[in-house]
Amino acid sequence: MKFGFITLFSFAIFLSNCLASSQQSEYSVKENSEKSLQLQYAEELETKVLKVGPAQEITIGQLALKSFSDTSSRLFSINSLSPLKTNDPIEPGVIVLRKVQVDRALEFEEGTTKFRQATFVSIVEFLVVNPEGKQKRILGHSEQITTRTIPFSAEDTESNEKIATSIQSAIEEGLSQIVSSKDFHSTYRNQNLSQR
């Protein structure tokens, strides 16, 4: 009798552990699928460049795509990252990186041609579409980045890195605006419900 009770008690504990782990794995699968997003980018970003001299250019589009992918993968699971052709419709729940622009300015000492500093500022544009099909444009701006060396001169070793940092900062700022917006969570949920 005592042996039967211990066996029955052990079986009950085993069964409750199985049910608990089953519910837990079901919850984590659900949670992971709800954090999965589809990302797109304007196809022309693949070849977007910033001309910095007669024969020198920086592939700012590629820098933006790398930052977009890296930053997004830190925020959520990426279902896919694909190009968006000019006339393709944007699906609800998709985040699209549409534009990247790097503005630079050179400053000289007043009344002279003596170089003082250069500044870089990046701006990126995202598009998101809510479940009703309404598009929202989000701009991400970087902080101003300064260098004391004439950009892309023979002595310059840091402008490429500063531009990459500037673009990364703009991407992060834009994505954080999207994630913290009210529309994002409802769009996000509806997208994942339709994927199931």
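If you're wondering where the values come from, they're calculated on a predicted model, not measured in any experiment.
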Would you say [Y] ends up clustered with [X] if hydrophobic residues are merged whenever their side chains have heavy atoms under 4.5 Å apart, either directly or through other cluster members?
X: Leu65; Y: Val49; answer: no
X: Leu175; Y: Ile138; answer: yes
X: Ile123; Y: Leu127; answer: no
X: Leu106; Y: Val121; answer: no

Heavy-atom side-chain proximity of Ile95 to Phe68 below 4.5 angstrom =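 The answer is yes; the side chains approach within 4.5 Å.
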Ile145, Leu50, Ile163, Thr147 screened by side chain to side chain contact (heavy atoms under 4.5 Å, CB included) with Arg104, the one that passes =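 For Arg104, the side chain to side chain contact (heavy atoms under 4.5 Å, CB included) check succeeds only for Leu50.
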query = Only one of Lys99, Arg98, Glu46 clears side chain to side chain contact (heavy atoms under 4.5 Å, CB included) with Tyr41; which?
reply =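 Answer after filtering Lys99, Arg98, Glu46: Glu46.
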Any donor and acceptor pair, going by atom type alone, linking the side chain of [X] with main-chain N or O of [Y] inside 3.5 Å?
X: Ser142; Y: Ser122; answer: yes
X: Ser153; Y: Ile150; answer: yes
X: Ser72; Y: Ser69; answer: no
X: Thr112; Y: Lys114; answer: yes
X: Ser166; Y: Lys162; answer: no
X: Ser169; Y: Thr165; answer: no
X: Gln177; Y: Leu139; answer: yes

request  = Start with the C-alpha gap between Leu37 and Ile78, add the side-chain angles, then the distance that decides, and say whether side-chain contact (heavy atoms from CB on, under 4.5 Å) holds.
outcome  = CA-CA 5 Å; Leu37 276 180; Ile78 300 171; over 6 Å; no
request  = State plainly whether the residues Asp70 and Arg74 are in salt-bridge range, i.e. N to O under 4.0 Å.
outcome  =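 Result for this pair is no, no salt bridge flagged.
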inquiry  = Do Gln117 and Thr146 pair up side chain to side chain, a donor and an acceptor below 3.5 Å, judged on atom types alone?
reply    =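 Checked: Gln117/Thr146 side chains show no N/O donor-acceptor pair below 3.5 Å.
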inquiry  = Under a 3.5 Å cutoff, is there a donor and acceptor pairing between the side chains of Gln101 and Asp103?
reply    =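 Note: Gln101 and Asp103 side chains meet the donor-acceptor criterion.
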task = Start with the C-alpha distance between Val128 and Gln135, add both sets of side-chain angles, then the distance that settles side-chain contact (heavy atoms from CB on, under 4.5 Å), and finish with yes or no.
result = CA-CA 6 Å; Val128 288; Gln135 284 190 8; over 6 Å; no
inquiry  = Students often mix this up, so state it plainly: with edges at 30° and 60°, are the rings of Phe120 and Phe152 parallel, tilted or perpendicular?
reply    =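 Rings of Phe120 and Phe152: perpendicular, over 60°.
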query = Yes or no on side-chain contact (heavy atoms from CB on, under 4.5 Å) for Val96 and Val94, after CA distance, side-chain angles and deciding distance?
reply = CA-CA 6 Å; Val96 179; Val94 176; 4.0 Å; yes
query = In a check of side-chain hydrogen bond (donor to acceptor under 3.5 Å, both in side chains) between Arg116 and each of Glu110, Glu107, Glu109, which one passes?
reply =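 Among Glu110, Glu107, Glu109, the one meeting side-chain hydrogen bond (donor to acceptor under 3.5 Å, both in side chains) with Arg116 is Glu107.
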